[in-house]
Amino acid sequence: MTFELQHTDNASDARTGLITTAHGQIKTPIFMPVGTVGSVKGVHFEELRRQVKAQIILGNTYHLYLRPGLDVLKAAGGLHGFNGWERPILTDSGGFQVFSLTGIRKLSEEGCEFRSHIDGSKHFFTPENVMDTERIIGADIMMALDECPPGQSDYEYAKKSLGMTQRWLTRCIKRFNETEPLYGYEQSLFPIVQGCTYKDLRQEAAKFVTDQGADGNAIGGLAVGEPTDVMYEMIEVVNEILPKDKPRYLMGVGTPQNILEAIERGVDMFDCVMPTRNGRNAMLFTYNGTMNMRNKKWEKDFSPVDHDGCDIDQITSKAYLHHLFKAGELLAMQIASIHNLAFYLRLVTDARTHIEQGDFVQWKASVIEQLGRRI
């Protein structure tokens with residue numbers, strides 16, 4: 001994987017770049033739809049390509065490991081061969097999912113024992129076998145196993161957790177370097193910066209990660225309950241240290257406003273379930289604000305969902321989408337998910353354009369307030 005830094009904004013840390021992987025190029029800043037179990041919920045890959053214009057999607061190691069399982073994935077030639085998505089894929093390590101299983105997991109220096117949320121069977125993740133699992137999944141970009149501590153962790157717990165995450169990273173890198181890709185193309189490993197909301201721990205983590213010389217770096221453990229101004233401060237602290245010539249991936253973030261604020265602070269890559277999850281619950285994101293399509297106000301509004309949106313936005317009226325949600329039709333969730341994903345991709349594409357034009361900060365100021373209002 002290579003990363004070419006293309007433009008930098010004169011008035012902020014916003015930048016554009018080009019990531020080149022074995023399965024294609026990714027123009028940054030970029031939003032990555034979440035395909036937890038090998039699919040983006042409710043959206044066919046053809047729609048992801050044609051309407052959403054997705055350049056890269058995510059898979060989740062924990063979920064794919066449990067189902068369909070590694071034997072199936074290996075026999076298919078990896079996730080690309082299994083699901084037919086020919087563009088780049090990123091896999092997270094499953095750490096966040098495992099550590100979210102409060103009460104059914106046991107954490108130790110060696111790794112994490114957990115029980116499947118599907119059938120209760122017992123499993124064990126280590127830095128080594130997670131690297132082996134991500135090799136089998138075959139993603140272009142792999143995440144290191146880390147502990148994602150609760151957002152309100154006290155300092156001592158956060159420090160202890162970070163120490164283990166760093167030792168696990170060392171083991172991940174060793175295993176990654178000892179093994180070869182399985183399907184004839186190279187993979188990249190991204191470390192993850194943790195440290196909760198403690199400036200000195202985030203600085204320590206960013207320095208440790210930078211010293212590893214990886215192809216790119218991720219920022220984890222944010223948007224987990226801390227105030228947004230604290231999240232933005234931690235991004236600034238970390239990005240002051242992470243190398244400028246490597247892509248920076250902010251994990252699990254977030255709202256359109258979060259994304260623009262993070263782009264301004266030098267982040268390149270984003271993912272979040274919000275576009276599809278909120279879409280399934282009738283919330284649409286637009287440049288004018290958010291719309292609850294179950295509200296009666298849309299019942300006789302025959303204007304397009306979004307005049308400037310993707311094809312499906314322009315041929316679907318607000319009244320029809322309102323009707324589909326009220327009727328409980330599955331098509332409602334599909335249309336809303338496609339709209340939201342296409343909007344998120346349009347948002348980062350527009351950000352890229354304004355960085356190139358040199359007016360990103362002015363453009364962001366002109367749109368960010370209305371993005372969060374309710375229509």
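Just so you know, residue 1 is the first one in the sequence shown, and it goes up from there.
- A search for ring-ring contact (aromatic ring centres under 6.0 Å, His included) contacts involving Tyr232 returns nothing, not counting sequence neighbours.
- In this structure, the side chain to side chain contact (heavy atoms under 4.5 Å, CB included) partners of Thr21, at least two apart in sequence or on a different chain, are Met1, Ile19, His23, Ile26, Pro88, Asp140.
- No side-chain N or O of Gln55 forms a donor-acceptor pair with one of Arg87 less than 3.5 Å apart.
- The aromatic rings of Tyr65 and His123 lie perpendicular to each other, with more than 60° between the two planes, well past the 30° mark.
- Judged by distance alone, the side chains of Arg374 and Thr290 never bring a donor and an acceptor atom under 3.5 Å apart.
- By the 4.0 Å N-to-carboxylate-O rule, Arg15 lies too far from Asp9 to be salt-bridged with it.
- For the pair Glu46 and Arg49, the salt-bridge criterion is met [side-chain N within less than 4.0 Å of a carboxylate O].
- Electrostatic pairing of Glu110 and Arg171 counts as a salt bridge here, judged by a charged N lying under 4.0 Å from a carboxylate O.
- Between Arg175 and Glu128 there is no salt bridge, since none of the side-chain N atoms of the basic residue sits less than 4.0 Å from a carboxylate O of the acidic one.
- The residues Lys159 and Glu156 are annotated as not salt-bridged, no charged nitrogen and carboxylate oxygen being separated by less than 4.0 angstrom.
- At a threshold of 4.5 Å between non-hydrogen side-chain atoms, the residues Asp92 and Met142 do not count as touching.
- Heavy-atom neighbours of Glu369 CD from other residues, nucleotides or ligands within 6.0 Å: at or below the threshold of 12.
- Remark: Glu178 engages Lys174 in a salt bridge, criterion side-chain N to carboxylate O under 4.0 Å.
- In this model, no donor atom of one side chain and acceptor atom of the other lie less than 3.5 Å apart for Thr165 and Glu147.
- A donor atom on one side chain and an acceptor atom on the other are not found under 3.5 Å apart for His339 and Tyr344.
- Listed by chain and number, the residues in a ring-ring contact (aromatic ring centres under 6.0 Å, His included) with Tyr249 amount to none (sequence neighbours excluded).
- With Tyr287 as the fixed residue, the side chain to side chain donor-acceptor pair (under 3.5 Å) test singles out one of Asp350, Asp308, Asp306: Asp350.
- Looking only at atom types and distance, the side chain of Asp311 has no donor-acceptor partner in the side chain of Gln51 under 3.5 Å away.
- With respect to the salt-bridge test (charged N to carboxylate O, under 4.0 angstrom), the residues Asp215 and Lys246 do not qualify.
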